[in-house]
Number of protein chains: 2
Amino acid sequence: MSEDEVLLQQLFEEEKLTDKQKKIIIAAIESFSEKGYAATSTNEIAKKAGVAEGTIFRHYKTKKELLVSIVAPLMTKLIGPFIVNDFHKVLDRPYENVEDFLRAAIKNRSDIIKKMLPVIKIVIQEIPFQPELREQFIEQVARKTFERILQVIKDYQDKGQLIEMPTLSVARLAISSIFGFLISRYILFPDSEWDDELETERTVQFIMHGLAVKD
Amino acid sequence: MSEDEVLLQQLFEEEKLTDKQKKIIIAAIESFSEKGYAATSTNEIAKKAGVAEGTIFRHYKTKKELLVSIVAPLMTKLIGPFIVNDFHKVLDRPYENVEDFLRAAIKNRSDIIKKMLPVIKIVIQEIPFQPELREQFIEQVARKTFERILQVIKDYQDKGQLIEMPTLSVARLAISSIFGFLISRYILFPDSEWDDELETERTVQFIMHGLAVKD
DNA sequence: AATGAAAGTGAGTAATCACTCATTTTTATT
DNA sequence: AATAAAAATGAGTGATTACTCACTTTCATT
């Protein structure tokens, strides 16, 4: 299964798509992520997909509907349930210690990003300008994820594994470190040589113990 | 002096600009940062500036030249020299300890962001799509800044204040934490209530000692 | 093989795009 | 006040935009 097919499979699962529709989606993802949504014309998408321009509008009323149809499943079908399941696992049979939880969190996010990078880039780029996407993201992804994270932090604080600090601040600091790693790894410097396991471990140890020399 | 005038002053210093040119720049910054460069029309900028569309093209050959004229000074005149001076100070008469250095770094970046937020947003949005901007950013800002940062880290490592870890990784972790704070503070949740001093201190302490409970 | 529905086509449309240029207005210098 | 240069104008340009629609092709069911 090609990379594009994996992406389609992940995004649209059992949804029935014609061959041409698949080509349109793949072409749109490529152009949107490379040039940005506003700078991509439907003409260009049609040509890249090897399809008549009218075909795009058979399937999607507007260009924006095409964008949303690509980006919405990323939020609802993938991140949503994933996070619920993932954190549920943590809460039901929690990882013994924070380190294991952090390692698992980083691993999982890495796997998602690897599969969905172009679509994730589109989301990041367009959320500031598309209120519809932003609202969907906040409601379906950010809010639920955040609640879970705060719970987990509280949990580890009660166990005495994390320092007492407002959970919101703890969350900000841990998330910054994890996303800092993932963004460096996959978006800023994807072509550098990365020892993923080593850098993951460094990130985990940093989150726990910082950079100061212990005396 | 109004907020817009501060911004103009910071960006263009002694450069001579007509009144209408100033209005064009202010309107362009506003539209570009709110809607994105590609989604902003020159007609719209002209109307917002209260100027004929032709006037824009008297001053700037193309729409892209207008973009670059706004964004380039941010890199050369502000960040460039600032970083050189700032880090020079650190290297010549270094801050006693890492904490003080981090506090100063966060403070300085905060001040810049406060003044230049709309233009910074434009840079962040457009760098992925404008090779010209990206190259300028990498050459003039990223490379020099990075060199300095690595030097500083090495320096504190030699003094025994930072753990031995490749400077690149140390840099990534520290920068993630600082930018994580600044992005949360000024871009993601600017309307939340922030105790800047407290959150700065938490960030500094996190970078140094992490989130684990000390035993 | 016949048939109706779904999918696909591509020429066409009005609107909008970045940009031009002949002309007018403002400004600076004397 | 005269004058030349600089700044500003706005109607006009061809190209491109997202989108439509009458028509053709493909497909599934019998």
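FYI, side chains are in, hydrogens and waters are out, and symmetry mates aren't considered; it's all heavy atoms of this structure. Proteins come first, then strands; the chains are lettered A, B, ... in the order of their sequence lines, and each starts at number 1.
- Rounded to a whole Å, the NZ atom of Lys63(A) is 9 Å from the C1' atom of dT17(D).
- Counting to the nearest Å, the C1' atom of dA6(D) and the CG atom of Asp19(B) are 14 Å from each other.
- Counting to the nearest Å, the C1' atom of dT20(C) and the CD1 atom of Ile56(B) are 14 Å from each other.
- Here the two rings, on Phe179(A) and Tyr186(A), have centers that are 6.0 Å apart or farther.
- The interatomic distance linking Glu53(B) (CD) with dT16(C) (P) rounds to 13 Å, in whole Å.
- Residues Arg172(B) and Ser184(A) bring no donor and acceptor atom of their side chains to less than 3.5 Å of each other.
- Within the 4.0 Å cut-off from OP1 or OP2 of dT9(C), at least one side-chain nitrogen or oxygen of Lys20(A) is found.
- Look at His59(A) and you'll find a side-chain N or O under 4.0 angstrom from OP1 or OP2 of dG8(C).
- Gln21(A) comes within contact range of no nucleotide atom at all, as no heavy-atom separation falls under 4.0 Å.
- Checking the phosphate oxygens (OP1, OP2) of dT9(D), a side-chain nitrogen or oxygen of Thr55(B) falls inside 4.0 Å.
- The CZ-C1' distance, from Phe57(A) to dA22(D), rounds to 17 Å in whole Å.
- Projected onto DNA chain D by closest heavy-atom contact, Ala39(A) and Gly54(B) fall at different nucleotides, the more 5' of which corresponds to Gly54(B).
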Quiz item: Which is it for Thr18(A) and His59(A) under the side-chain contact (heavy atoms from CB on, under 4.5 Å) test, yes or no, and what are the steps along the way?
Solution: CA-CA 10 Å; Thr18(A) 47; His59(A) 294 286; 3.6 Å; yes
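- Taking the side chain of Arg58(A) as heavy atoms from C-beta on, and the options dT9(C), dA8(D), dA18(D), the nearest nucleotide is dT9(C).
- Relative to the side chain of Ala52(A), the nucleotides dT9(D), dA18(D), dT9(C) differ in distance, and dT9(C) lies closest.
- Taking atom CG of residue Asn43(B) and atom C1' of nucleotide dA11(D), one finds them 13 Å apart after rounding to whole Å.
- With dC19(C), dA18(D), dA7(C) as the choices, the nucleotide that has an atom nearest any side-chain atom of Thr18(A) turns out to be dA7(C).
- In this structure, Ser41(B) does not reach the dT16(C) phosphate: none of its side-chain N or O atoms is under 4.0 Å from OP1 or OP2.
- Lys61(B) has its NZ atom 17 Å from the C1' atom of dC21(C), to the nearest Å.
- Ring geometry for Phe206(B) against Phe206(A) counts as perpendicular: the plane angle is over 60°, on a 0 to 90° scale with 30° as the lower cut.
- Cation-pi check for Lys63(B) over Phe32(B) is not met; the charged atom does not lie both under 6.0 angstrom from the ring centroid and within 45 degrees of its normal.
- To the nearest angstrom, P of dA18(C) lies 8 Å from CD1 of Ile45(B).
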